[in-house]
Amino acid sequence: MQFKAPKGTRDFFPDDMVLRRWIMKQWDDVSLRNGFVEYDGPIFEDLDLYRVKSGDEIVDQLFHFTDRGGRGLAIRPEMTPTLARMIAVRANALPKPIKWYSQPRLCRAERPQRGRLREFFQWNVDIIGESSEIADAECIFVLIDFMRKVGLSPEHVEVKLNSRAIVSALLDAAQISIQQQSAVYAALDKRDKLSAEAFEALLAKIDLNTSQKNILAQFADACDADGLDRIAEFLRESSVATEGCDAVRRVLDLLDAFGVGGYCRFDMGVVRGLAYYTGIVFEAFGKGGLKRAVGGGGRYDRLIEDMGGPTIGAVGFATSDVVLADLLNEFDRLPSQECELDFFVIDADPSVFETVLHVTASLRERGMSAVFSYQRQGVGKQFKQAAAKNANRVVIVEADIASTRKISVKDMAHSKQATLELDAFLADPMQQIE
RNA sequence: GUGGCUGUAGCUCAACGGUUAGAGCACCGCGCUGUGAACGCGGGGAUACGGGUUCGAUUCCCGUCGGUCGCCCCA
């Protein structure tokens, strides 16, 4: 019986592991240099933790099970409920703003597609306890800081932002009923994937009247500063909308001050799927063939309270290793394999093999990485192995080591070789080879 | 979960329904007993799985599984 990895999961062979580690190291580096600290929680949680926010429908999207005590549990499909739970416990004791990040392994029982698997790693960045736009802007900056660090410029990736306040004020102004609003949100979210006709057909299905459709058609594709001004003008009676527009402008100004304004613009088409966002929302998009958001987030000022915590505002985003690897691959920004082996120790003659082991062990004891060939074969063959392993240096244990105490060291990159006293070499293994 | 497309070696691809399913790259061995390349020779390794049609199936049909695209969903 042969088994393969379950649907939507991945095996990480060593080469894949190099990539995964590299991506997560970028997440760590960027988070830390932006002043975030890491947290984590359990890989499974109480099933009800996910029901609170999303209702019972969420249950079939989860991998869930019952333990022997009859408790309903679920493998975590997202990190925010865990974060909210943890914040609720200590919110009053933590200095504000709380800047936390995490890189959880998550599972969702979805149909896998490109960029979307059943098991993946996510980078979560959240700022809690700060309601000014500075937090929104810094959050977006962190995402862009990552993009910059991995070599993606505004020609490769862009961040679109909007405010839920603007969207809901526009729907109110169009007198769209509460019952219809969530369908309209979904339609707006899809707007830039659809033709104008297909968008209109979608609106028709929601059963909007002509003037409602006209209002939406007029503003749904606003995607720059002018569009924002037009909306602000149209909604100038609404204080909610005016504040929302001002908030978007302030965030864009702050991002300019951060030096990353070139990545960012307003876009009415970004509303984000679910209901808990309350203010700024944003999504990063690749500008190549990958038609998919590569990261997104927004402000959620009531969620922590809804989940039993204190009344405290928050803003955050998430992105996944799967979609980032696709994006980096598309623009040829994946890292090349680096040399990681310090020494390859070879024998000039099979009779000195035990000295090979001694030298190897001594190098390892000094903190160097060192390996040797399992087969006793010619010097040429052993050199081939050393080259295949990307060894920095090759140590040749000479056949007359017992009497001369001498070894040779070759610097592979510069192709320079010297013969040294074994003890002198071990005293300073990385010494210059002339 | 649902519909379309798809599945040949670790990877990229061949093979009219017909001999023992081929090749490149990769891997292993040898040429090669003092230095990484190149080359040459040799080797292992595949029709995803299960049925059906047929004298004969990698090829045609059905189912399962996986991948992928769209829908649902996107936390």
Side-chain angles (χ1 to χ4, degrees), chain A residues 1-11 13-16 45 49-55 57-62 74 76-84 104 106-118 120 122 124 182 185-186 189-190 193-194 198 202 271-277 281 283 289-298 300 303 307 316-320 322-323 326 344 346-352 375-400 408-417 419:
Chain A
M1 186 70 189
Q2 274 228 345
F3 295 99
K4 34 187 172 182
K7 179 206 282 264
T9 65
R10 292 167 290 174
D11 291 326
F13 289 90
D15 283 350
D16 310 308
E45 290 270 12
L49 181 69
Y50 303 111
R51 282 205 180 104
V52 168
K53 192 177 81 180
S54 316
E57 325 82 77
I58 201 76
V59 173
D60 0 306
Q61 314 254 31
L62 298 178
R76 63 187 177 189
E78 59 168 324
M79 202 57 188
T80 308
T82 299
L83 173 66
L106 306 178
C107 292
R108 298 177 184 175
E110 293 183 300
R111 178 113 182 210
Q113 287 177 28
R114 185 177 179 209
R116 176 204 238 189
L117 301 178
R118 288 184 158 195
F120 55 95
Q122 209 183 47
N124 276 249
S182 64
Y185 273 54
D189 204 38
K190 275 185 218 169
K193 278 211 259 179
L194 303 172
L202 199 54
V271 297
R272 305 275 303 157
L274 239 81
Y276 65 71
Y277 289 113
V281 287
E283 279 181 350
L290 196 68
K291 297 284 179 254
R292 193 179 284 282
V294 295
Y300 50 99
L303 181 65
M307 299 204 52
F317 75 83
T319 182
S320 88
V322 182
V323 76
D326 278 347
F344 196 100
I346 76 181
D347 63 66
D349 186 277
S351 64
V352 297
Q375 290 164 295
R376 310 288 33 96
Q377 51 189 6
V379 172
K381 285 285 169 63
Q382 296 184 77
F383 260 95
K384 255 176 211 172
Q385 285 190 45
K389 296 255 186 239
N390 254 319
N392 237 309
R393 295 177 173 208
V394 169
V395 178
I396 305 165
V397 176
E398 300 296 354
D400 55 2
S408 296
V409 183
K410 181 167 184 180
D411 178 334
M412 297 292 274
H414 303 98
S415 210
K416 288 187 176 161
Q417 186 167 330
T419 298

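To find a chain, count down the sequence lines: A is the first, B the second, and so on, and within it residues start at 1.
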For A:Tyr185 and B:A75, what is the distance between atoms OH and C1' respectively, to the nearest whole Å?
17 Å
Measure the distance from CZ on A:Phe13 to C1' on B:A26 and round it to the nearest whole Å.
14 Å
Rounded to the nearest 0.5 Å, what's the gap from CE on A:Met412 to CZ on A:Phe344? Could you check?
9.5 Å
Using the C1' atom as the point on both nucleotides, what is the distance between B:G3 and B:C25, in whole Å?
38 Å
Would you check if A:Leu303 and A:Thr80 make a side-chain contact, meaning some heavy-atom pair closer than 4.5 Å?
yes
Listed pairs, N/O of protein and of nucleotides 29-34 of chain B, under 3.5 Å:
{"unit_1": "B:G29", "atom_1": "OP1", "unit_2": "A:Gln375", "atom_2": "OE1", "d": "3.4"}
{"unit_1": "B:G29", "atom_1": "OP1", "unit_2": "A:Gln375", "atom_2": "NE2", "d": "3.4"}
{"unit_1": "B:G34", "atom_1": "O6", "unit_2": "A:Glu398", "atom_2": "OE1", "d": "3.0"}
{"unit_1": "B:G34", "atom_1": "N1", "unit_2": "A:Glu398", "atom_2": "OE1", "d": "2.7"}

Roughly how far apart, to the nearest Å, are B:A21 and B:G63 at atom C1'?
25 Å
Between B:C72 atom C1' and A:Ile58 atom CD1, what is the distance in whole Å?
13 Å
Mind checking salt bridge (Lys or Arg N to Asp or Glu O under 4.0 Å) for A:Arg111 and listing every partner two or more places apart, or none if nothing turns up?
none
Using whole Å, what does the distance between atom C1' of nucleotide B:A75 and atom CZ of A:Phe317 come to?
16 Å
Euclidean distance, atom CG of residue A:Asp60 to atom C1' of B:A75 [Å, nearest integer]:
14 Å
When the distance from CG of A:Asp326 to P of B:C69 is rounded to whole Å, what number comes out?
9 Å
With sequence neighbours left out, the residues meeting side chain to side chain donor-acceptor pair (under 3.5 Å) with A:Arg51 are A:Asp48, A:Asp56
Check whether any side-chain N or O of A:Glu110 sits under 3.5 Å from a backbone N or O of A:Gln61 as a donor-acceptor pair, and report yes or no.
no
Scan A:Gly298 against the nucleic acid and name what it touches under 4.0 Å (heavy atoms): base, sugar-phosphate only, or nothing.
nothing
Sequence neighbours excluded, the answer for salt bridge (Lys or Arg N to Asp or Glu O under 4.0 Å) partners of A:Asp326 is A:Arg114
Backbone N/O of A:Phe13 and side chain of A:Asp11: donor-acceptor pair under 3.5 Å
no
Every protein N/O lying under 3.5 Å from an N/O of nucleotides 1-5 of chain B:
{"unit_1": "B:U2", "atom_1": "O4", "unit_2": "A:Arg111", "atom_2": "NE", "d": "3.2"}
{"unit_1": "B:U2", "atom_1": "O4", "unit_2": "A:Arg111", "atom_2": "NH1", "d": "2.3"}
{"unit_1": "B:G3", "atom_1": "O6", "unit_2": "A:Arg111", "atom_2": "NH2", "d": "3.1"}

Rounded distance (nearest 0.5 Å) linking atom CZ of A:Arg108 with atom CZ of A:Phe120
4.0 Å
Please write out the pairs of protein N or O atoms and N or O atoms of nucleotides 7-12 of chain B separated by less than 3.5 Å, giving the distance to one decimal.
none

A:Asp189 has an atom CG; how far is it from atom P of B:A75, in whole Å?
8 Å
Apply side chain to side chain donor-acceptor pair (under 3.5 Å) to A:Ser182 and list each qualifying residue two or more places apart in sequence or on a separate chain.
none
Between A:Arg272 and B:A75, does any side-chain N or O lie under 4.0 Å from OP1 or OP2?
yes
If you round to the nearest 0.5 Å, how far is CG of A:Leu49 from CD of A:Glu78?
8.5 Å
If the condition is salt bridge (Lys or Arg N to Asp or Glu O under 4.0 Å), which residues does A:Glu45 pass it with, not counting sequence neighbours?
A:Arg85
Span that lies between the P atom of B:A46 and that of B:A23, in whole angstrom
15 Å
Give the dot-bracket string for RNA chain B, reading 5' to 3', where a pair is Watson-Crick or G-U wobble with both distances under 3.5 Å, ( ) marks pairs inside the strand, [ ] marks pairs crossing earlier ones, | marks a partner on another strand, and . marks unpaired.
(((((((..((((....[...)))).(((((.......)))))....(((((..]....))))))))))))....
Hey, mind stepping through A:Lys381 and A:Gln375 against side chain to side chain contact (heavy atoms under 4.5 Å, CB included) and telling me if it holds?
CA-CA 10 Å; A:Lys381 285 285 169 63; A:Gln375 290 164 295; over 6 Å; no
Looking only at atom C1', what distance separates B:G7 and B:A48, rounded to whole Å?
7 Å
Which residue lies more 5' along RNA chain B, comparing A:Pro6 with A:Lys190 via nearest heavy atoms:
A:Pro6
Could you give the distance separating B:U6 and B:G42 at their C1' atoms, to the nearest angstrom?
37 Å
By ring pair (Phe, Tyr, Trp, His ring centres under 6.0 Å) - contacts of A:Phe317 (at least two apart):
A:Trp123
Mind listing the closest non-hydrogen atom pair of A:Pro77 and A:Leu106 along with its distance?
O-CD1, 3.6 Å
Between B:U35 (C1') and A:Gln385 (CD): distance, integer Å
14 Å
Spacing of the P atoms in B:C49 and B:G10 (rounded, Å)
12 Å
Between B:U54 and B:U59, how far apart are the C1' atoms? Round to whole Å, please.
13 Å
Contacts of A:Arg76 that satisfy side chain to side chain donor-acceptor pair (under 3.5 Å) - sequence neighbours left out:
A:Asp40
Mind listing the closest non-hydrogen atom pair of A:Asp347 and A:Val379 along with its distance?
O-CG2, 4.0 Å
Pairwise 5' ranking along RNA chain B for A:Leu62 and A:Pro112, keeping only the more 5' one
A:Pro112
Closest heavy-atom contact between A:Ser415 and A:Lys410?
OG-CE, 3.8 Å
In whole Å, what separates the P atom of B:C41 from that of B:U35?
24 Å
Applying a 4.0 Å non-hydrogen cut-off, can you work out what A:Met79 is touching in the nucleic acid: base, sugar-phosphate, or nothing?
nothing
Polar pairs (N or O, both sides) under 3.5 Å between protein and nucleotides 41-44 of chain B?
none

Quick one: does A:Lys416's side chain get under 4.5 Å of A:Arg393's, heavy atoms only?
no
